[in-house]
Every structure is written in C-alpha cells, then in structure tokens.
Chemist: 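This structure is in structure tokens; I'll ask about it shortly.
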Amino acid sequence: PILESFSCTCNSLLIAQFVIFVLILRKQYKYINEILVKYAEDALRLPMATLKTGRPREVLSIENCLLPTHQPRNRLSQIQVFNCRLIMTKLISVSGLIGSYYGFPILLATFWIFTNNAALLYSFFYGLSATNYKDDLMKCVFLLQCVMWCVYFAMLITMMALSCHLTSEEANITMFHV
C-alpha cells in the first residue's frame with residue numbers, strides 16, 4: 001500500500017506539472033492573440049470611420065500595414081509584425097520542448113492510468129458478484145473506494161486531454177492571426 005500510494009502521488013504530480021506547463025503555454029498564446037486582435041480591430045476601425053464621415057476613403061492593404069509611408073497610429077508596424085512572428089516561433093519551440101521532455105513520461109502515466117482503471121473496474125465488478133465479505137458495510141466501502149479511484153483517474157486523463165486541446169486551439173488561432 002505504501003508503494004502504491006507513493007507511485008500514485010508521483011504520477012499525479014507529474015501529470016499536474018505537465019498540465020500546468022501546458023496551461024501556461026496556452027496563456028501565452030492567448031496573450032499574443034489578444035494583442036493581435038486588438039491591433040487588427042484598431043486597424044479595421046480607422047478605415048470604417050473615414051467611410052462614415054464622407055472623407056476620402058482609406059483602403060487598408062497589407063502594404064499600408066507593413067510598409068507605411070508615414071507611421072499611422074494604432075496599426076502594426078513592420079517591427080511589431082516581426083516581433084509577433086518571433087514570439088510565435090518561440091512559443092512553437094517551447095511547445096516542442098514540452099512535448100519532447102514530457103512525451104514519454106506522459107505516455108507511461110497514461111498507460112498507468114488505464115491499467116489501474118482496468119484493475120479497479122475488475123475489482124469493482126468482482127466485488128459486486130463476490131460473497132466473501134463479512135458484512136455489507138465492508139463491501140460498500142470497498143466498492144465506493146473503487147469508484148472513487150476510477151473517478152480520480154478519469155479526472156487526471158480528462159485534465160491532460162482538455163489542457164492539450166485548449167492549448168492547440170489557441171495555437172491554431174495564433175497561427176491564423178500571425
């Protein structure tokens with residue numbers, strides 16, 4: 001029981017650390033997305049305002065945003081676009097680093113979760129059909145313990161999958177904006 005508790009604690013901490021790193025990476029993607037969306041909205045709002053006032057139309061093109069003859073306010077300059085691309089490449093390298101560092105341990109932790117879940121479900125169904133318990137209270141406690149462990153393992157695997165999914169969605173949005 002001590003070794004089982006120790007392995008459960010170590011694997012749970014590894015999974016928690018992985019999920020925290022992935023969510024920190026998601027936060028960084030979200031931050032750059034907010035910057036890119038803000039500048040894009042500001043750049044699009046300016047031409048629409050000139051259309052409503054009846055002044056000469058201003059056409060927003062890539063050349064105007066990237067290589068302006070004069071520096072308009074609230075638009076991405078060439079340096080800012082380069083910085084966004086640089087941040088994007090750094091975030092991609094960080095996600096690759098997380099994947100290479102945690103890839104095999106997370107694979108082993110996932111295998112550990114599935115084997116434990118299979119053993120617990122077997123024990124649960126065996127406990128339902130077995131009559132070797134001295135009283136019903138002991139049987140109920142054992143079955144409740146099996147169910148609680150299954151829920152805990154399901155929660156761990158769900159946290160890993162959900163954090164990876166949310167981060168990859170945010171990375172795809174960032175790639176689109178950049």
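Nothing here was measured: the structure is a model prediction, and the numbers come from that model.
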Chemist: Determine the minimum heavy-atom distance between Leu120 and Cys150, stating which atoms define it.
Modeler: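 Here Leu120 and Cys150 meet closest at CB-SG, 3.7 Å.
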Chemist: Are Asn117 and Tyr152 packed together at the side-chain level, in the sense that at least one heavy-atom pair is separated by less than 4.5 angstrom?
Modeler: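 When only atoms from C-beta onward are counted, Tyr152 and Asn117 do not touch, as no gap falls below 4.5 Å.
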Chemist: Kindly write out the residues that satisfy side chain to side chain donor-acceptor pair (under 3.5 Å) with Asn33, not counting sequence neighbours, or none if the list is empty.
Modeler: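 Scan of Asn33 (side chain to side chain donor-acceptor pair (under 3.5 Å), adjacent residues dropped) gives Glu170, Thr174.
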Chemist: Taking side chain as C-beta onward, heavy atoms only, is Phe153 less than 4.5 Å from Ile157?
Modeler: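 Not touching, per the 4.5 Å side-chain cut-off.
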Chemist: In terms of hydrophobic clustering (I, L, V, M, F, W, Y; side-chain heavy atoms under 4.5 Å; direct or indirect links), are Ile113 and Met159 co-clustered?
Modeler: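 Yes, it is one cluster - the side chains of Ile113 and Met159 are joined through contacts under 4.5 Å.
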Chemist: Using modelled atom types only, decide if a donor and an acceptor are shared between the side chain of Thr167 and the backbone of Val22 within a distance under 3.5 Å.
Modeler: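 A pair under 3.5 Å: yes.
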Chemist: Specify the closest pair of heavy atoms between Thr110 and Met160, including all atoms of both residues, with the distance to one decimal.
Modeler: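 Distance-wise, the nearest heavy atoms are OG1-CE, 3.5 Å.
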Chemist: Could you tell me which non-hydrogen atom of Lys139 sits nearest to which non-hydrogen atom of Leu128, and how far apart they are?
Modeler: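 Heavy atoms of Lys139 and Leu128 come nearest at NZ-O, 3.3 Å.
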Chemist: Side-chain contact, heavy-atom cut-off 4.5 Å: Tyr126 with Cys146?
Modeler: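 Answer no - side chains too far apart.
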Chemist: Nearest heavy-atom pair of Ser123 and Phe142: which atoms, and what distance?
Modeler: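 Taking every non-hydrogen atom into account, O-CE2, 3.5 Å.
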Chemist: Under 4.5 Å between side-chain heavy atoms, counting indirect links through other Ile/Leu/Val/Met/Phe/Trp/Tyr residues: same cluster for Tyr122 and Leu144 or not?
Modeler: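 No; Leu144 is not reachable from Tyr122 via cluster members.
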Chemist: Rounded at 0.5 Å granularity, tell me how far OG1 in Thr158 sits from NE2 in His165.
Modeler: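 If we round to the nearest 0.5 Å, Thr158:OG1 and His165:NE2 are 13.0 Å apart.
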Chemist: Looking at Ser12 and Thr9, would you say the former's side chain and the latter's main chain have a donor-acceptor pair under 3.5 Å?
Modeler: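 Pair absent, no side-chain N/O of Ser12 close to backbone of Thr9.
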Chemist: When you compare the side chain of Ile173 with that of Tyr29, does any pair of heavy atoms fall below 4.5 Å?
Modeler: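 No; the side chains remain at least 4.5 Å from each other.
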Chemist: Looking at side-chain heavy atoms only, is the closest gap between Phe18 and Pro105 below 4.5 Å?
Modeler: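 Not touching, per the 4.5 Å side-chain cut-off.
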Chemist: Could you see if Val147 belongs to whatever hydrophobic cluster contains Phe125? Use Ile, Leu, Val, Met, Phe, Trp, Tyr and a side-chain cutoff under 4.5 Å.
Modeler: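 Same cluster.
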Chemist: Atom NZ of Lys27 and atom CG of Leu25: how far apart are they, to the nearest 0.5 Å?
Modeler: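 Lys27 atom NZ to Leu25 atom CG measures 13.0 Å (nearest 0.5 Å).
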Chemist: Establish whether Ile106 and Phe21 are linked, either directly or via other cluster members, by ILVMFWY side-chain heavy-atom contacts under 4.5 Å.
Modeler: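 Yes, because Ile106 and Phe21 connect within a single hydrophobic cluster, where side-chain heavy atoms sit under 4.5 Å apart.
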Chemist: Applying a strict under-4.5 Å side-chain criterion to I, L, V, M, F, W and Y, I'd like to know whether Phe114 and Met148 cluster together.
Modeler: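 Hydrophobic grouping puts Phe114 apart from Met148.
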Chemist: With rounding to the nearest 0.5 angstrom, report the CE to CG distance, Met88 to Leu91.
Modeler: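 CG of Leu91 is found 7.0 Å from CE of Met88.
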Chemist: Enter the distance from Ser168:OG to Leu166:CG here, rounded to the nearest 0.5 Å.
Modeler: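 Interatomic distance, Ser168 OG to Leu166 CG, rounded to 0.5 Å: 8.0 Å.
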Chemist: State, to 0.1 Å, how close Asn116 and Trp112 come at their nearest heavy-atom pair, and which atoms those are.
Modeler: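 Minimum heavy-atom separation between Asn116 and Trp112: ND2-NE1, 2.8 Å.
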Chemist: Tell me, do Leu108 and Phe104 make a side-chain contact under 4.5 Å, heavy atoms counted?
Modeler: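 Of all side-chain heavy-atom pairs linking Phe104 with Leu108, at least one is under 4.5 Å.
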